2 protein chains.
Amino acid sequence: MRDVASRAGVSIATVSRFINDPETLSPDMRARVEDAVRALGYIRHGAARALSMRRSHAIGAIIPTVDNPTRASKVAALQKHCRENGYNVLLALSEYDLDLELQQCRNLVEAGADGLMLEGGLHHPELYELLESRNIVFVNTIVYDPASPYPNIGFDNRGMARRLAEHLLDLGHTEFGVISGPRGSNDRARERVEGVHRALAKKGLPLPAERVVERPYRVAEGRLGLKTLMELPSPPTAVICGNDVLAFGAILEAQALGYDVPGDVSIAGFDDLDWASQLPPGLTTIALPAPKVGLLAARYLLETLAGKAMPHATEVEVRLIRRGSTGPAPKRG
Amino acid sequence: MRDVASRAGVSIATVSRFINDPETLSPDMRARVEDAVRALGYIRHGAARALSMRRSHAIGAIIPTVDNPTRASKVAALQKHCRENGYNVLLALSEYDLDLELQQCRNLVEAGADGLMLEGGLHHPELYELLESRNIVFVNTIVYDPASPYPNIGFDNRGMARRLAEHLLDLGHTEFGVISGPRGSNDRARERVEGVHRALAKKGLPLPAERVVERPYRVAEGRLGLKTLMELPSPPTAVICGNDVLAFGAILEAQALGYDVPGDVSIAGFDDLDWASQLPPGLTTIALPAPKVGLLAARYLLETLAGKAMPHATEVEVRLIRRGSTGPAPKRG
DNA sequence: ATTGTAAATGTAACCGTTTACAAATTACCA
DNA sequence: TGGTAATTTGTAAACGGTTACATTTACAAT
């Protein structure tokens, strides 16, 4: 910057102004500085700026893993909106581990992240402490919970699971099974199971523990899950899966075992991945507009940083998409 | 840091030493500083450190999109290894657009990225200039090319496409089709098509232009691609797809059109995604160990930054996985 | 001319580290 | 015991920007 200044024959303050707010310069100055900047290929030193401004212009994103397209699209949308507003995105992975998540959070704080996008509402208590003591703005995503003390943007996981269950109840099903993702430190997974539970409870139907199997989010695991359920003394006629990947496996396994989908068993998931409409018989699922969550999260963070008051909790609407994988309950045999 | 120093009754230099190299402190000092650090919950200010050290401890990753699990796993591996060595990862998306990629690169330079992981070997010429003029270490990934002037880590895209083609040639196929991803500014896609081309040429077989269709990487597009190929006056008996997603669509469409896979048409892809082994009849594909690329890229960047000489180009081996979607060529009717 | 005001530009302090160098302490040996 | 070397700790100068404040300049109003 000193070089630019001396080449243009101005002070470094003028160069700084040219970079940040060219309007305040006289046209003459502006032209001179511009030439110098261009000639020298000057690029502002971000760390120095961050130090001076006490703002790094970086947003941290901590997600469990990156192998799910829905989640990936959320991060992509965040990145895009941040970038368009002069913010960079620091990516960190928590692997569904609250301690690791806390560690990653510390790293991002050290890196100077001005804001943080988290996933879910369940975090290490020290994480909240840390963020609040440093006044770092953050938002929980994928979850919508107006009652939470922490800002959040996302879906009503319980509600959408209930909707899926109700859809199947309407089709006459009474024997339900669930292939959930691991619920350990994943409140989204928990809430989805709970949503099913409640929908059934309202009709006086039980959801016995053995009808809920927990499996990692992989196709092969979805197969195993379905197999387990169908080997039960009384197998379910409707299976709700923690996401489309598990549902994919469930459908394949059902077909492999000789069951007709949806004739013998209905199967549904969450996400509406690319192929959900393509795989016969078409997967009934809940479409989750994850990019919208990413965009809203970015907007929340940047606007809050800019001093604007933003809604504490905002719900992103989901859509139940009925396709061929769910149908009327089979007649009792 | 000043606070920590005064609370511990030492100089700030001592605190700095405690953070960076505790061994050099006397046990007494170490204990005192440690207490103070803990009591105050001190976390080092990354920007100040970056400014002082002229090193940000951040690695930038520019990838086209994030919606492909293979690519995602590469970034995840990069992130993990970087994190384990005290480096953060800045994520940027280029959307297969060289100009946007250059822009993102500038942003990352401004953010202070010490190193950069790029994808492919085809970039805006200014990008290379920029990186070299600033002495930013970088590495092209997913491509392996010892002849390239730029460091790279990845696969022999041409070679693996050839292997797939040879596998199909061995099965007696002579009528080939290709559903490629968009080749515009994607050298990986180009090389894969070229690999097929060469394998055929070696046997004196042509690959007419109308037998190569270009489609975005989506299942529905794969379907369209296959439909286009099968509607040709002389449809192919073997179809090589740009990746597994396209292959997924191709298989579904073939089955929907009443063709038997592999009886009437053999189909293969690249990636070996999670479900490639699950979807009947099982997808023949080339397994790409993308996490390994991410790890090696991280290692290359960090070691180079540490002053170690690293190999200019390193190939990551791929594996041809034969499954049910490829079989003997149908008898000529 | 003189003065006042607004706009353009410059000066210099500050942001929070690291680290070369200086100073102080300790250890060791003759 | 003094001297030297090795170890530990402190001092202060960068690092490269931003910005409050001071200064200069231009111009209008008196």
Side-chain angles (χ1 to χ4, degrees), chain A residues 1-34 36-37 40-58 86 88 106-107 109-114 134-136 305, chain B residues 1-37 40-58 86 88 106-107 109-114 134-136 305-306:
Chain A
M1 189 155 134
R2 219 175 20 227
D3 297 348
V4 175
S6 72
R7 180 182 241 265
V10 302
S11 73
I12 60 170
T14 301
V15 178
S16 178
R17 289 193 190 100
F18 171 79
I19 300 288
N20 296 302
D21 193 5
E23 304 309 305
T24 66
L25 294 189
S26 67
D28 167 44
M29 280 285 139
R30 194 159 42 223
R32 267 159 63 198
V33 178
E34 183 166 5
V37 163
L40 267 44
Y42 169 76
I43 292 184
R44 174 172 52 193
H45 191 297
R49 181 162 93 123
L51 181 58
S52 182
M53 293 185 73
R54 258 142 296 185
R55 183 148 292 188
S56 69
H57 292 266
N88 287 109
R106 286 216 187 88
N107 297 138
V109 170
E110 171 166 341
D114 297 327
R134 316 242 156 194
N135 271 306
I136 294 175
L305 282 170
Chain B
M1 188 154 133
R2 220 174 19 226
D3 297 347
V4 174
S6 71
R7 178 182 243 264
V10 300
S11 72
I12 59 170
T14 302
V15 178
S16 177
R17 288 193 190 100
F18 171 79
I19 301 289
N20 296 300
D21 193 5
E23 304 308 305
T24 65
L25 294 189
S26 67
D28 168 44
M29 280 286 139
R30 192 156 47 220
R32 267 161 60 197
V33 178
E34 182 166 6
D35 287 349
V37 164
L40 268 45
Y42 168 75
I43 293 184
R44 173 172 52 193
H45 190 296
R49 180 162 94 124
L51 180 58
S52 183
M53 292 184 73
R54 256 143 297 182
R55 182 147 293 187
S56 69
H57 293 266
N88 288 109
R106 287 214 187 89
N107 296 139
V109 170
E110 171 167 341
D114 297 326
R134 317 244 156 192
N135 271 306
I136 293 175
L305 282 170

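From a predicted model like this one, the values you see are computed outputs, not experimental measurements. Proteins come first, then strands; the chains are lettered A, B, ... in the order of their sequence lines, and each starts at number 1. These numbers come from the heavy atoms of this one structure, side chains and all, not from hydrogens, waters or symmetry mates.
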Checklist entry - Taking 5' to 3' order, which nucleotide of DNA chain D is first and which is last to have an atom within less than 4.0 Å of a heavy atom in chain B? => result D/dT8 to D/dG16
Item to check | Within-4.5 Å side-chain heavy-atom neighbours: A/Arg134 and B/Ile43 | outcome: yes
Checklist entry - Among residues 15-36 of chain B, which contact DNA chain C at a heavy-atom distance under 4.0 Å? => result B/Ser16, B/Arg17, B/Asn20
Checklist entry - Taking atom OG of A/Ser11 and atom CE of A/Met1, what is their separation to the nearest 0.5 Å? => result 8.0 Å
Checklist entry - Any side-chain N or O of A/Ser52 less than 4.0 Å from the OP1 or OP2 oxygen of C/dC14? => result no
Checklist entry - Does the side chain of A/Val10 come within less than 4.5 Å of A/Met29's, by heavy atoms? => result yes
Checklist entry - Does the side chain of B/Asn20 reach to within under 4.5 Å of the side chain of B/Arg44, using non-hydrogen atoms? => result yes
Checklist entry - Which whole-number value in Å describes the distance from B/Asp3 CG to C/dG16 C1'? => result 11 Å
Checklist entry - Between B/Thr14 and B/Arg54, which has a closest nucleotide on DNA chain D that is more 5'? => result B/Thr14
Next on the checklist: I'd like to know if the side chain of B/Arg30 and the backbone of B/Phe18 have a donor-acceptor N/O pair within less than 3.5 Å.
Outcome noted: no
Next on the checklist: Are B/Arg17 and B/Pro22 packed together at the side-chain level, in the sense that at least one heavy-atom pair is separated by less than 4.5 angstrom?
Outcome noted: no
Item to check | Presence of salt bridge, A/Arg7 and A/Asp3, under 4.0 angstrom | outcome: no
Next on the checklist: Applying a 4.0 Å non-hydrogen cut-off, can you work out what B/Met1 is touching in the nucleic acid: base, sugar-phosphate, or nothing?
Outcome noted: base
Item to check | Distance in angstrom units between B/Leu40 CG and C/dG16 P, rounded | outcome: 14 Å
Next on the checklist: How many whole angstroms separate atom CZ of A/Arg49 from atom C1' of C/dG16?
Outcome noted: 18 Å
Item to check | A/Asp114 (side chain) donor-acceptor with A/His57 (main chain) under 3.5 angstrom | outcome: yes
